[in-house]
Structures are given as structure tokens and as C-alpha cells.
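Quick caveat, the model's predicted, so the values are computed rather than measured.
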Amino acid sequence: MRIAEISTPELRRAQPDAQPDDPLTSQIESLVKQFETIPVTHPRPELSPLAADLRRCLSQLAERAPFPNSLKLHLWKLSYRLWNSCVDRSNASSICSPSSSSSSSSSSEDQAKLRHVAADMLSLAGSAAGVPSPEVKTAFFYHKTGIIWHDLKRFDLAADCFEKATEIISKVDVGTVKDAGQRKLFLDLQIARSRTAWEVSDQILAVTLLNRSKCLLFGSSDHYIALANQYLAFGKSILETNKGNEARCFKEALKLMNDSLDLCEKAFSTARMRQETVNLKGLKSKILRFIAAVHLQMEEYENVIKCVRILRESEGGGDNHPSLPVLAMKAWLGLGRHDEAEKELRGMVVNKGIPEGVWVSAVEAYFQSAGTAGAETAKGVFLGLLGRCHVSAAAAVTVVHRVIGGTSGSGGDVDGSRVRAKVVAELVSDDRVIALFSGDATAKERNAMHALLWNCAAGHFQLKDYETSAEMFEKSMLFLPCDIEGRAVRAKGFRVLCLCRLGLSQLDRAEEYINEAHKLEPNIASAFLKFKVYLQKNDHSAAINQIQAMTICLDFAPDFLLLSAHEAVACHALPVAVASLSNLLNFYALGKSTATSEVVVLRTLITILSQDTGNEPEVVKFIKHANDRASEIGVDCYFGKDEVALRELKWFAVTSWNCGTSAGKKKNFVLCAEFLRLASNFYSLLVDMQGEEHSLLLCKSLIFTVCAMIASENEREASLTEIEVKQALELLERAGKILKSLSTRMQLNDDKDAALEPDLNFIYTFSAYNIHGRINDSRSQQILVKNFVSSRACTPGYLLQIGLAAAQGPRPNPEVAFLALSQCLSQLVSSVSPDYHNVSLIVRKLIALTSIYKGDTDDDAVYDVYKQAYRIMIGLKEGEYPTEEGKWLVTTAWNRAAIPIRVGQLDVAKKWMKVGIELAGLVPGMETYRACMEDFIRGFDKKFAQH
């Protein structure tokens with residue numbers, strides 16, 4: 001506000017040449033002129049030094065007080081000139097935009113300093129004769145300057161100005177002031193001082209100053225309105241800051257607002273014009289709305305309803321502010337009266353003056369309180385608003401977000417979530433709602449709606465509520481663009497719908513969805529889901545073909561084959577799992593790497609094949625594949641290192657051993673030999689890594705491999721080939737070295753587990769004897785048997801088996817047979833409880849062997865066997881030696897005399913007859929036969945006595 005220099009007659013009469021001749025005054029005037037000469041359009045004038053010089057001059061001038069009236073008038077004039085220059089510069093700067101906010105703030109602060117100097121100049125001049133109401137004018141300067149300092153947030157300087165103005169104006173009798181502007185100044189000064197005190201958190205002083213202002217209203221409605229607005233502003237400020245105790249803040253805010261309402265009520269009696277009454281009604285309604293809001297925050301819902309009722313029943317048709325239905329609805333909700341709240345909410349539909357943000361907020365509040373029960377109402381309100389006014393897509397997103405906000409989690413009220421999701425599905429599928437999102441302008445809202453529905457569907461999918469999930473996924477696709485960029489997202493939607501239908505076992509619909517996804521985006525994800533559908537339909541042939549289709553996808557990764565195998569195993573489709581893993585093995589052969597090592601894949605494949613009988617040929621093929629790959633790329637590269645390699649090798653070794661023994665029990669000796677040969681390879685690698693720990697198992701697998709090879713002849717109905725015999729010899733050679741090492745170690749350590757050795761030693765000896773016989777290496781056979789005879793593993797039973805095999809096998813060896821049977825007989829006879837059944841069998845075999853291979857040249861050798869049998873039988877109990885075998889010995893010994901008699905070898909004949917009579921005397925039941933024999937000998941002696 002610019003103040004004219006000639007505002008008073010005294011100032012008009014004061015001419016420039018009448019100004020006092022004083023150096024300080026001249027300096028002050030010079031500084032004022034200097035300021036006046038600075039163009040108002042100057043971008044950044046340096047005013048701080050000017051203000052400082054003026055203040056220094058005033059300080060020096062103050063020391064000369066009191067002043068003559070002429071000097072006072074001159075200071076008043078200089079003050080007005082300085083003030084008006086500041087006003088002009090401020091007006092100019094408001095027209096021209098400042099170069100920067102910082103420079104504008106600096107300029108405003110400099111001008112505030114100059115205004116402050118102008119006010120101090122009037123204060124220093126004091127009352128001058130001929131200047132009416134000097135105190136009011138000085139207070140006005142301080143008031144305006146204080147307001148500027150307040151706006152610059154220099155509250156200390158603002159408070160200083162207001163306090164000086166209050167001190168100056170306190171000398172004026174308020175009752176004598178008749179000018180309306182001056183009366184308004186009294187009130188404005190108190191209010192401004194109160195505002196500054198409030199800003200520095202001196203709330204007690206601020207409220208006190210407002211209370212003092214009640215005596216400065218002068219019956220003016222404008223004054224009442226100004227003071228009431230300030231009370232209301234302080235109440236709102238408390239609500240906005242809300243520091244400390246919330247209840248106390250609400251209480252203080254409510255008190256201030258009630259004071260504001262009280263002032264507003266009193267102001268009605270002062271209104272003289274219709275517009276004043278209208279303004280007061282508007283302010284009263286505003287205050288009541290804020291009071292209702294505070295009561296709502298304090299959960300005093302009855303008071304909220306009272307406030308709303310007062311507003312609605314007020315004169316002039318009542319207040320129809322958009323916030324009233326929201327306040328009423330929230331209050332009814334707080335009182336638990338949902339029917340009344342629903343009426344308020346539905347009433348918003350017909351109220352066209354309610355902004356979109358207000359009814360959206362109301363819908364949110366209603367749904368938050370009413371929960372699932374309010375979902376249907378929220379939908380009805382929203383659809384009703386669609387028919388009444390323009391509703392934005394953003395509002396639709398907000399309503400949907402509020403309704404389904406609690407359905408995206410994995411917990412909570414599942415049934416309620418399902419109900420809310422159903423309501424949302426009905427809402428978003430309405431054509432009017434879909435139309436809100438058409439066009440490029442709503443792309444952001446369309447994406448937001450799609451995300452909301454998608455997340456809701458995902459939440460129900462996690463809860464395995466596939467029906468609701470599928471419906472929400474379908475609705476989310478309504479908000480996808482049909483352009484090229486949306487193809488990938490749409491394909492993704494079809495894929496998740498396929499998963500939902502799979503979860504519901506609706507396989508045909510799942511296949512339809514995945515076919516659509518494959519058309520839009522033929523990638524590995526679509527191919528894999530199609531594979532999954534075929535699995536669920538038990539179409540194993542189609543699933544296997546789909547595996548091949550997966551491998552030609554551009555984004556194919558070998559890990560999908562492993563995933564396919566897991567899915568197939570879960571569906572008990574083992575042939576499909578085998579096909580998947582077999583395809584995966586081909587990628588390893590090509591040098592492609594995956595997250596899973598080849599050996600793990602192979603182990604999984606073998607495990608799957610082992611679950612069904614009849615897959616042994618496939619199992620041996622893949623175990624052989626592991627053995628070959630390890631030989632090709634190295635054990636460390638294939639099986640891993642350290643503990644990992646040991647674990648894998650043990651698994652393959654044990655699996656091969658178990659499969660081999662199982663095949664052997666099933667008489668499938670060809671497979672048995674193959675499995676055991678592979679087991680020996682793996683155990684050999686383990687021995688190389690861990691030393692002698694697995695030597696015994698290696699030895700067993702080598703020996704049993706040869707045993708299976710020998711046994712397979714009957715299965716194949718063909719003898720071993722020369723190559724197979726050579727391989728068997730190599731295996732036995734390795735086994736013999738290991739067996740010798742183990743025997744030596746057991747003897748040195750006096751190992752009590754040596755009981756494990758005899759069976760193994762015998763099997764080795766027996767197998768080696770068989771294989772050496774195939775190459776006619778009788779010398780090696782004899783060495784093997786001699787070594788066995790001298791070992792701790794030698795027992796009569798083992799020797800009997802070796803002897804019988806050597807005596808009557810396809811490739812007999814009489815020397816080995818005689819050695820084994822002789823040693824067996826000796827051990828049996830020397831035992832504590834001889835098995836005379838085996839003794840008789842051995843005697844018979846020895847007689848036969850000796851008769852066949854030595855009888856023609858060495859009759860005494862046969863005779864010695866009979867005599868040995870006689871010595872064995874002497875002293876035995878009746879029946880202890882098999883009677884039939886005894887009779888056989890007697891008969892054969894007696895009959896051996898026949899030929900010597902015919903050829904005239906009487907002594908030889910008599911020798912055999914004597915043995916026969918001796919044996920007959922030891923065999924029960926041959927007494928008559930023995931008597932006949934004795935009679936024959938006596939006749940024989942008489943007949944041939946002359947010879």
C-alpha cells in the first residue's frame with residue numbers, strides 16, 4: 001500500500017527549503033534520494049548497505065532527542081518517501097518475474113529492512129503538531145512491516161514490530177477511535193501478533209491474544225469473521241501437526257473451533273447486509289464440518305450425527321456440502337448401523353455435486369468397515385455413479401483396489417476373499433467399466449487395473465482356489481491392449497489360465513488355453529505346459545513327441561528336460577520320464593552344460609528304470625554309458641571330486657552289484673555277468689581313490705563275473721568264445737592278486753573276519769580251474785588246487801567238489817581229481833566226526849580213477865585203495881559205513897580176482913580174494929556170502945596146491 005506524501009496538510013505546507021539544517025538529517029535524506037534514484041527494474045540492487053547506513057544515522061539522531069516540530073515533520077516526510085519507494089519497488093517486482101527464488105527472497109528481505117527503518121523513523125519522530133493520529137499511523141507502519149517479516153519467516157523481527165505497534169497504539173483510547181480502518185487495525189494487529197506467537201510454538205500467548213481481541217470487534221461482522229477464521233485456523237493447525245497426545249490435540253482443536261463457532265453465532269446479530277449473513281452461514285457450515293470431523297476422529301459418532309443434522313436442517317435449504325454424506329456414513333459405520341450408512345452411500349449416487357474423490361473415499365471407508373458384506377453395495381454404488389456422471393478410470397481402479405485389497409494374500413478369510421473377488425469380477429466385466437479404459441489416455445490406469453486383478457488371481461492361485469483364480473485371470477485379460485506389445489502378456493495370461501484348468505482337472509479347456517498361448521507366443525513355456533497337459537491326459541505318446549518339440553524352441557534350455565522328467569515321475573509316467581532324461585543326455589554329449597550334472601541325470605534315469613521289472617537291459621546300457629563317459633572325459637570331470645566323486649562311484653558300484661545279484665537270482669546270467677563286470681570297474685576306481693577299503697568287493701565282483709560268464713553257457717546254449725575265455729582269465733588274474741593280498745593281510749593282522757575268505761577262495765579256485773581247463777592248462781589247474789589245499793580256506797566239502805568236477809566234468813583232469821579226492825579223504829577220516837557217506841563216495845571215485853588211469857600198469861595202486869578202505873572200516877559200528885558201499889567194495893574186490901585166475905596169475909587172484917573176504921567180514925549181512933567165499937578159497941587152494 002503506497003502512502004501519499006501529501007496525505008496531511010502539515011506535510012503539504014512543509015517546503016524543501018524549510019527543512020532543518022542538520023548534517024544527520026541531510027545524510028538521511030541523501031540516502032533516501034539514493035534509494036529513490038535506483039530504477040525499480042534493477043535486477044539485484046544492493047540495499048543492505050543502504051539500510052545499515054540509515055539505521056546507523058537514526059541511532060546517532062536518537063541521541064539528540066527531543067526534536068523540534070520542524071525536524072519531526074521532516075522525518076515524517078522522509079519516512080513516507082522511503083516507504084513509498086519500497087512499495088513501488090515491491091509492485092514492480094511482483095509484475096516482473098524474479099530471476100531466481102533466492103534473489104527474490106534476498107530482495108524482499110532488504111526491502112523489509114528499509115520498511116522497518118521507515119517505521120523506526122516515525123517512532124523516533126513521535127507526535128508532530130498537525131499530524132492527526134500519529135500513533136495509529138506509526139502502528140500501521142510497524143504492522144505492515146511485521147506482516148512482511150512474518151511472510152519471510154523472520155518471526156523474531158515480526159514479533160518485534162508487532163510489539164512496538166502494540167506499545168504505541170496502547171496510548172490511544174480505543175473508545176475514541178471512530179474510523180473503521182483504524183478500528184480494523186487494532187484487531188488485525190492482535191491477530192497478526194497471535195499468528196506470530198503461534199508460529200514460534202507459543203500457543204498459550206497466541207490464544208491469549210485472540211481472547212483479548214474479542215473486545216476489539218466493534219460490532220462489525222467482518223471483525224467477527226476475521227477472528228473466527230483465526231480460531232478455526234489454529235484448530236486446523238493442531239489437527240495437521242497432531243504432536244504428542246492425540247486425545248489432547250483433538251480436545252484443544254475442538255475448543256478453538258467451538259470458540260470460532262461461538263463468534264460466528266454472535267456475529268449474526270451484527271450483520272446488516274444480506275451478503276454478510278451469507279458469509280456468516282458459509283463460515284458456520286465450514287466450522288461445523290470441521291467440528292464434525294474432529295468428533296469423528298475422537299470416535300464420538302453421536303456428536304458427528306448431531307453436527308450433520310444441524311447442517312442439513314439449517315435455514316435456507318440446509319447445507320449440501322459433499323463431505324456431509326461421507327461424515328454421516330462414517331459415523332453410522334462407527335455406531336454399527338450399516339443400513340443407515342448404506343443409505344448415505346447410495347444417496348451419493350443422486351447427488352451430482354459430490355466430486356469423484358469424495359465418493360471414492362466414501363466407498364473405501366464403507367467397504368473397510370462393512371468388509372465382505374459391503375462388497376455388493378460398493379459395486380452397486382459404483383455402477384450407479386456410472387449412469388449419473390462421468391467416472392474416471394482412476395476411480396474405478398481405486399474402488400477395485402479397495403474391494404480386493406485383502407484378497408491378494410495367502411491367508412485370512414478365504415471365503416470372504418472369494419466373495420469379494422466374485423463381486424469385483426462382476427464389476428469389471430460390465431461394459432460401462434470396460435469402456436472407461438478405452439483409448440491411449442488411460443493406459444496407466446488400464447495397466448494398474450490389470451495388475452490388481454492379476455495379483456488377486458495370483459493370491460487365490462496360491463490358496464489353490466483355482467476356480468476363483470481362473471475367473472480373475474480371465475477378467476484381467478479384459479484390460480490388455482490388443483497390440484503387438486500386449487501379445488506376450490496375453491500369452492502369459494493364457495498360460496496361467498491353463499495352469500488353473502489343470503488344477504481343476506479340466507484338461508480339454510487347459511489344452512485350448514495353451515494352444516492359444518502357443519499361437520501368440522510359441523516359446524518353451526507354452527511348449528512345456530502343453531507337455532504337462534498331455535501328461536495329465538495320460539497320452540504318453542503325445543507327451544514324448546512334445547519333448548522333441550520342446551527341444552526346437554528358440555528359448556529352449558536343457559533344464560526343461562529335467563523338469564519334464566520330474567513332472568512325468570509325479571504323474572507315474574515312467575516311459576515319458578525316461579525319454580526326457582535320455583534326450584537330456586544327448587545334450588551332454590554335445591558339450592552343453594546345465595545346472596544339473598550329467599552323472600545326476602544318469603543316476604536319476606537309472607533309478608526310474610529300476611522301479612519296473614524288465615528294464616534290466618536299459619539299466620545296464622546306461623550304467624555302461626556312465627562307465628564309458630568316465631573313461632572318456634576322466635573320473636574327476638564326470639563324477640566330481642573328493643567326497644562327491646566317492647559318493648557317486650559308490651552309488652553306481654552298489655547299484656551294479658545289486659542289479660547283478662538280482663539278475664543272478666533270476667538265472668539271467670548274461671546280464672548278471674555284465675552288471676558285475678561294471679561293478680568291478682567302479683570298485684576298481686574306488687580302490688584307486690580310497691586304497692584297500694573296497695578291495696574285497698572288487699575281488700568279489702571280479703570272481704562272480706567269471707562265475708556268471710561260466711553259468712551263462714547253459715542260458716545261451718553255447719560255450720564261451722576264445723575272447724571271452726581270455727577276458728575271464730584277465731579278470732581272474734586280477735582277482736587272484738587281490739585275494740592273495742587280502743589273505744596275507746588277514747594272516748598278518750590275525751583278522752577274525754577271515755571266515756569270509758574260504759567261500760571266496762574256493763569260488764575263485766573253482767572258477768579258475770574251469771577257465772584254465774578250457775585252454776588245456778592242466779599244470780595251472782594242479783597249481784591252483786595245490787595252493788587251495790595248502791590254504792586256510794580248504795575244507796573237505798570244497799575238495800570233494802573240485803575232485804568230482806575234475807573226475808567227471810567235460811574236461812577231466814585225473815591228476816587234479818586224485819589229488820583233491822585223496823586230500824579230501826584224508827581230511828574226512830582225520831576229522832572228529834567223519835561223514836562216511838562222503839568217504840564211501842570218495843573211495844568209489846578213487847577206485848574208479850585208479851582203475852581207469854593206473855589199473856593196467858599199476859594193479860597195486862588199486863589194491864592200496866581197497867586196503868585203505870578196509871583200514872577205514874575197521875572198528876566202525878554196524879551201519880556207520882554205508883552198507884551198500886561196503887557190499888560194492890566186497891563184490892568189486894572179489895570180482896577183480898577173475899581175470900588173474902584166467903590168465904594164471906594165481907597170487908594176484910588170491911590177493912584180491914583175500915581183500916574181498918576181509919571186507920566182507922566188516923559189512924553187515926554178508927555172512928553167507930563170506931562163507932561161500934571161504935569155501936571157494938579152500939577149493940581154490942586144493943585145486944591149485946600142486947602149482
dist Arg487:CZ -> Glu521:CD (nearest 0.5 Å) comes out at 9.0 Å
Interatomic distance, CD1@Ile524 vs OG1@Thr551, rounded to 0.5 Å, equals 8.0 Å
Can you check side chain to side chain contact (heavy atoms under 4.5 Å, CB included) on Ile514 and Ser526, steps first, answer last?
CA-CA 6 Å; Ile514 198 57; Ser526 299; 4.2 Å; yes
For Glu511, give me all partners under side-chain contact (heavy atoms from CB on, under 4.5 Å), at least two apart in sequence or on another chain.
Asn515, Val533, Tyr534, Lys537
Any chance you could measure Leu671, atom CG, to Ser662, atom OG, to the nearest 0.5 Å?
10.0 Å
List the steps and the verdict of side chain to side chain contact (heavy atoms under 4.5 Å, CB included) for Met477 and Glu474.
CA-CA 5 Å; Met477 295 183 69; Glu474 288 176 350; 5.8 Å; no
Minimum-distance pair of heavy atoms, taken over all atoms of Ile547 and Phe531
CG1-CE1, 3.7 Å
Contacts under 3.5 angstrom, residues 574-591 side chains, donor-acceptor by atom type, not counting sequence neighbours:
from   : atom 1 : to     : atom 2 : distance (Å)
Ser580 : OG     : Leu561 : O      : 2.4
Ser582 : OG     : Val578 : O      : 2.6
Asn583 : OD1    : Gln548 : NE2    : 2.9
Asn583 : ND2    : Ala579 : O      : 2.7
Tyr588 : OH     : Thr594 : OG1    : 2.7
Tyr588 : OH     : Thr596 : O      : 2.3

How about Ser505 and Gln536: do any of their side-chain heavy atoms sit closer than 4.5 Å?
no
Which atom pair, heavy atoms only, marks the closest approach of Ser438 to Ala435?
OG-O, 2.9 Å
Mind listing the side-chain donor-acceptor pairs of residues 633-649 below 3.5 Å, one per line with the distance, residues two or more places apart or on another chain?
from   : atom 1 : to     : atom 2 : distance (Å)
Glu648 : OE1    : Arg603 : NE     : 2.9
Glu648 : OE2    : Arg603 : NH2    : 2.9

Closest non-hydrogen atoms of Ala517 and Phe494, given as atom of the first, atom of the second and distance, are CB-CB, 3.6 Å
Looking at Asn523, is its backbone amide N or carbonyl O close enough to the side chain of Asp555 to form a donor-acceptor pair, meaning the two atoms are under 3.5 Å apart?
no
What's the verdict on salt bridge (charged side-chain N to carboxylate O under 4.0 Å, His left out) for Glu512 and Arg509, showing C-alpha distance, side-chain angles and the deciding distance?
CA-CA 5 Å; Glu512 292 176 6; Arg509 294 193 64 183; 5.3 Å; no
What pairs of donor and acceptor atoms, side-chain ones from residues 618-626 against any protein atom, are under 3.5 angstrom apart with sequence neighbours left out?
from   : atom 1 : to     : atom 2 : distance (Å)
Glu618 : OE1    : Lys621 : NZ     : 3.1
Lys624 : NZ     : Asp628 : OD2    : 3.4
His625 : NE2    : Glu598 : OE2    : 3.3

Decide yes or no on side-chain hydrogen bond (donor to acceptor under 3.5 Å, both in side chains) for Asn770 and Arg774, but give the supporting numbers first.
CA-CA 7 Å; Asn770 185 297; Arg774 295 171 187 271; 2.8 Å; yes
Residues which pass side chain to side chain donor-acceptor pair (under 3.5 Å) with Tyr764, listed by chain and number, not counting sequence neighbours
none
Report the distance from atom CG of Leu480 to atom NE2 of His450, rounding to the nearest 0.5 Å.
4.0 Å
Could you check if a side-chain atom of Glu567 sits within less than 4.5 angstrom of a side-chain atom of Phe528, using non-hydrogen atoms only?
yes
Note: Val670 and Ser712 closest approach over all heavy atoms is CG2-CB, 3.9 Å
Pairs where residues 682-732 contributes a residue and the test ring pair (Phe, Tyr, Trp, His ring centres under 6.0 Å) is met, not counting sequence neighbours:
Phe652-Phe682, Trp657-Phe704
Derivation of the side chain to side chain contact (heavy atoms under 4.5 Å, CB included) call for His566 and Leu562
CA-CA 6 Å; His566 287 304; Leu562 189 62; 4.0 Å; yes
From Leu453 atom CG to Leu478 atom CG, the distance as rounded to the nearest 0.5 Å
8.5 Å
Donor-acceptor pair, Thr705 side chain versus Arg677 backbone, under 3.5 Å?
yes
I'd like to know if the side chain of Ser469 reaches the main chain of Ala457, judged simply by a donor and an acceptor atom lying under 3.5 Å from each other, with no hydrogens or angles considered.
yes
Could you walk me through whether Lys700 and Ile763 satisfy the side chain to side chain contact (heavy atoms under 4.5 Å, CB included) test, starting with their C-alpha distance in whole Å, then the side-chain angles of each, then the deciding distance to 0.1 Å, before giving a yes or no?
CA-CA 9 Å; Lys700 287 183 177 181; Ile763 295 172; over 6 Å; no
Ile771 and Val725, any side-chain heavy atoms less than 4.5 Å apart
yes
Applying side chain to side chain donor-acceptor pair (under 3.5 Å) to Glu733 and not counting sequence neighbours gives none
Pairs touching residues 440-453 that satisfy salt bridge (Lys or Arg N to Asp or Glu O under 4.0 Å), sequence neighbours left out
none
At their closest point, which heavy atom of Ala421 faces which heavy atom of Met472, and how far apart are they?
O-SD, 3.4 Å
Pairs meeting criterion salt bridge (Lys or Arg N to Asp or Glu O under 4.0 Å) with involvement of residues 719-731, two or more places apart
Arg716-Glu724
List for me each residue that meets side-chain contact (heavy atoms from CB on, under 4.5 Å) alongside Tyr466, sequence neighbours excluded, and say none if there are none.
Phe461, Lys464, Leu504
Measuring from Ser701:OG to Leu696:CG, what's the distance to the nearest 0.5 Å?
9.5 Å
So the salt bridge (Lys or Arg N to Asp or Glu O under 4.0 Å) pairs with at least one residue in residues 654-671 (sequence neighbours excluded) are Glu616-Lys666
Just wondering, more than 12 heavy atoms not from Lys530 lying within 6.0 Å of its NZ?
yes
So which heavy atom on Leu698 is nearest to which on Ser680, and how close?
CD1-O, 3.1 Å
Can you list the residues that meet the side chain to side chain donor-acceptor pair (under 3.5 Å) rule with Thr468, with sequence neighbours excluded?
Asp465
Would you indicate whether the side-chain heavy atoms of Ile606 and Trp651 approach each other to under 4.5 Å?
yes
